[in-house]
Amino acid sequence: MGSDKPRDPVAGPDAGPEPPYPVRLSGPVIKGFGRGSKDLGIPTANIPADNLSEKHPELTSGVYYGVVALDPKTYQHESSKGTSTAVVLPAVLSIGYNPFYKNTVRSVEIHIMPALTEPSPTAAGHEGQTKFNRLPDFYKTRLNLLILGYIRPEFDYVSLEALVEDIRVDCEVARESLLREAYKCYLVDSDKTHGKVSEDRGWLVSFD
Ligand SMILES: Cc1cc2nc3c(=O)[nH]c(=O)nc-3n(C[C@H](O)[C@H](O)[C@H](O)COP(=O)(O)O)c2cc1C
Ligand SMILES: Nc1ncnc2c1ncn2[C@@H]1O[C@H](COP(=O)(O)OP(=O)(O)O)[C@@H](O)[C@H]1O
Ligand SMILES: [Mg+2]
């Protein structure tokens, strides 16, 4: 069952991602079980998890945060309309078997959050009526993801409401974690970005 302990507001070191992070994953957005939006009100873009355990043994099942980019050739975010540059957005994701649903195959599911400059729809105080971020559908679009840190293991829950509430808190933990300078640099392009961060960011937005 979900943990009863109070949750930490941030996850991972303040100084920035520590090995093995950032971890690069990419793939086309595929259909999942159709439960994210329908059951939970939380859309998750699923990407193939084939050979994940062999390619990334470091990615144990659990909840992570990071940044994503979608191929601008097939998807244009409202903030990048008319440009060919991929927009980079904050994300929270789950890798695993979704113990609440007892899946037999592992999935990688990414919930894309609004830009950090926008108010958070999942901030405390909206419990029971939280509206999670929703974009126009982008099935089949290529998605690049940089995983920057680990939040928690996956749990089973006593109720759907308890699962949704923990995912709401995950969104807040991801947001607060990414607002730190050593993580924000993956989201915001700046002259000061250099070295490994610049290299990872370059990979993130390239879709050739
Ligand atoms: C941030 C985040 C955390 C999640 N944590 C859990 C979890 O602890 N246990 C669980 O069973 N499912 C967890 N899920 C997965 C949801 O159950 C899943 O998104 C839902 O089953 C939708 O699946 P679908 O994309 O196949 O429709 C999490 C999803 C997200 C985005
Ligand atoms: N904020 C968002 N994060 C992730 N996917 C989103 C978001 N908004 C809309 N979507 C769309 O919703 C789809 C996921 O919905 P979901 O109910 O989880 O269905 P599925 O089970 O097919 O993954 C994504 O593939 C994407 O096209
Ligand atoms: Mg999904």
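Start at 1 and go down the list; that is how both ligands and their atoms are numbered.
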Near [X], which atoms of ligand 2 are under 4.0 Å from a heavy atom of that residue?
X: K31; result: 22 (O)
X: I110; result: 3 (N), 4 (C)
X: F33; result: 21 (O)
X: G36; result: 17 (O), 18 (O)

**OP:** Give the ring-plane orientation class for Y65 versus Y183, where under 30° counts as parallel, over 60° as perpendicular and anything between as tilted.
**Re:** tilted
Original post:
Once the angle between the rings of Y157 and F155 is folded into 0 to 90°, is it parallel (under 30°), tilted (30 to 60°) or perpendicular (over 60°)?
Top reply: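 Aromatic pair Y157/F155 classed perpendicular.
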Quick one: does [X]'s side chain get under 4.5 Å of [Y]'s, heavy atoms only?
X: I47; Y: I30; answer: no
X: N98; Y: F33; answer: no
X: E154; Y: F100; answer: no
X: S61; Y: P153; answer: no
X: L59; Y: V23; answer: yes

Subject >> Neighbouring residues of ligand 1, heavy-atom cut-off under 4.0 Å >> reply: G32, F33, G34, R35, G36, L40, T44, N46, V63, V92, S94, N98, P99, F100, Y101, E109, R152, E154, F155, Y157, L163, I167, D170
**OP:** State plainly whether the residues R7 and D166 are in salt-bridge range, i.e. N to O under 4.0 Å.
**Re:**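 Yes.
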Subject >> Charged N-O contact under 4.0 Å between K140 and D137 >> reply: no
Which protein heavy atom lies closest to [atom], and at what distance to 0.1 Å?
atom: atom 1 (N) of ligand 2; value: I112 O, 2.9 Å
atom: atom 13 (C) of ligand 2; value: Y139 OH, 3.6 Å
atom: atom 21 (O) of ligand 2; value: G34 N, 2.6 Å
atom: atom 27 (O) of ligand 2; value: F138 N, 2.8 Å
atom: atom 20 (P) of ligand 2; value: G32 N, 3.3 Å
atom: atom 15 (O) of ligand 2; value: S37 OG, 3.3 Å
atom: atom 11 (C) of ligand 2; value: D137 OD1, 3.3 Å
atom: atom 12 (O) of ligand 2; value: R134 NH2, 3.4 Å

Cut-off 3.5 Å, no hydrogens considered: what does the side-chain donor-acceptor table look like for residues 196-205, sequence neighbours left out?
{"unit_1": "K196", "atom_1": "NZ", "unit_2": "D200", "atom_2": "OD1", "d": "3.3"}
{"unit_1": "K196", "atom_1": "NZ", "unit_2": "D200", "atom_2": "OD2", "d": "2.8"}
{"unit_1": "D200", "atom_1": "OD1", "unit_2": "R24", "atom_2": "NE", "d": "3.2"}
{"unit_1": "D200", "atom_1": "OD1", "unit_2": "R24", "atom_2": "NH2", "d": "2.8"}
{"unit_1": "R201", "atom_1": "NE", "unit_2": "Y186", "atom_2": "O", "d": "3.1"}
{"unit_1": "R201", "atom_1": "NH2", "unit_2": "L187", "atom_2": "O", "d": "2.9"}

Subject >> E172 and T122: side chain donor to acceptor below 3.5 Å >> reply: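 Yes, T122 and E172 have a side-chain donor paired with an acceptor closer than 3.5 Å.
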Original post:
Which pair of heavy atoms, one from M113 and one from V92, lies closest together, and at what distance?
Top reply: SD-CG1, 4.3 Å
Subject >> Contact summary for S177 and V10, nearest pair of heavy atoms >> reply: OG-CA, 3.5 Å
Original post:
Who pairs with T74 by side chain to side chain contact (heavy atoms under 4.5 Å, CB included), at least two apart in sequence or on another chain?
Top reply: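 For T74 the side chain to side chain contact (heavy atoms under 4.5 Å, CB included) partners, ignoring immediate neighbours, are D71, T141.
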Original post:
What protein N/O/S atoms lie closer than 2.8 Å to the Mg ion (ligand 3)?
Top reply: T44 O, T44 OG1, N46 OD1
Original post:
Within 45 degrees of the axis of the six-membered ring of F207 and under 6.0 Å from its centre: does K73 put its NZ or CZ there?
Top reply: no
Original post:
When you measure from the side chain of N144 to the backbone N and O of S26, does any donor-acceptor pair fall under 3.5 Å?
Top reply: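 Not at all, since once roles are kept as given, no pair shorter than 3.5 Å links the two residues.
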Taking N or O atoms only and a 3.5 Å limit, does [X] qualify as a polar contact for ligand 2?
X: V29; answer: no
X: N46; answer: yes
X: L135; answer: yes

Original post:
Does the side-chain hydrogen bond (donor to acceptor under 3.5 Å, both in side chains) test come out yes or no for R35 and N103, once each step is laid out?
Top reply: CA-CA 12 Å; R35 295 191 286 232; N103 291 353; 2.6 Å; yes
